[in-house]
Amino acid sequence: MENRAIVSEFVKARASQGINQECVEVARTVGSGRAVRDSKDRDGGTQFYGPGAWAGFIGAVKAGFFGP
């Protein structure tokens, strides 16, 4: 299981800027993982991803796997 100790501030995704404010915030965790939460419901829970899962997700995003 990934380490859930958050070691950085949450940063709002670039897609959350301007008129499109319904997105996510991401913070680093110990061991190069990531913590992700909803930018409009910060108390609604946080999801944690280990470094391998996060790298796979970023690779899929860059490859256009989730849309245009």
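Side chains included, hydrogens not; waters and symmetry mates left out as well; all remaining heavy atoms used.
Under a 3.5 Å cut-off, the side chain of Arg42 and the backbone N or O of Lys40 do not form any donor-acceptor pair. With Ser8 contributing its side chain and Arg28 its backbone, the two residues share a donor-acceptor pair below 3.5 Å.
What you find for Val7 and Val30 is that their closest heavy atoms are CG1-CG2, 3.4 Å. Scanning both residues, Glu25 and Ser39, for their nearest heavy atoms gives CG-CB, 3.8 Å. Across Cys23 and Asp38, no two heavy atoms sit closer than the pair O-OD1, 3.5 Å. The two residues Val26 and Arg34 have their closest heavy-atom pair at CG1-CD, 3.7 Å.
Grouping the Ile, Leu, Val, Met, Phe, Trp and Tyr side chains by contacts below 4.5 angstrom, directly or via other members, places Val61 with Trp54. Transitive grouping of hydrophobic side chains (ILVMFWY, heavy atoms separated by less than 4.5 Å) brings Ile58 and Val36 into a common cluster. By the criterion of side-chain heavy atoms lying less than 4.5 angstrom apart, applied directly or through intervening Ile, Leu, Val, Met, Phe, Trp or Tyr residues, Ile6 is not grouped with Val11; the two fall into different hydrophobic clusters.
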Test ring-ring contact (aromatic ring centres under 6.0 Å, His included) applied to Phe57 and Phe66, step by step: CA-CA 10 Å; Phe57 170 70; Phe66 299 106; 5.7 Å; yes
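Because its NZ or CZ atom is both nearer than 6.0 Å to the ring centre of Phe10 and within 45° of the ring axis, Arg37 counts as a cation-pi partner of that residue.
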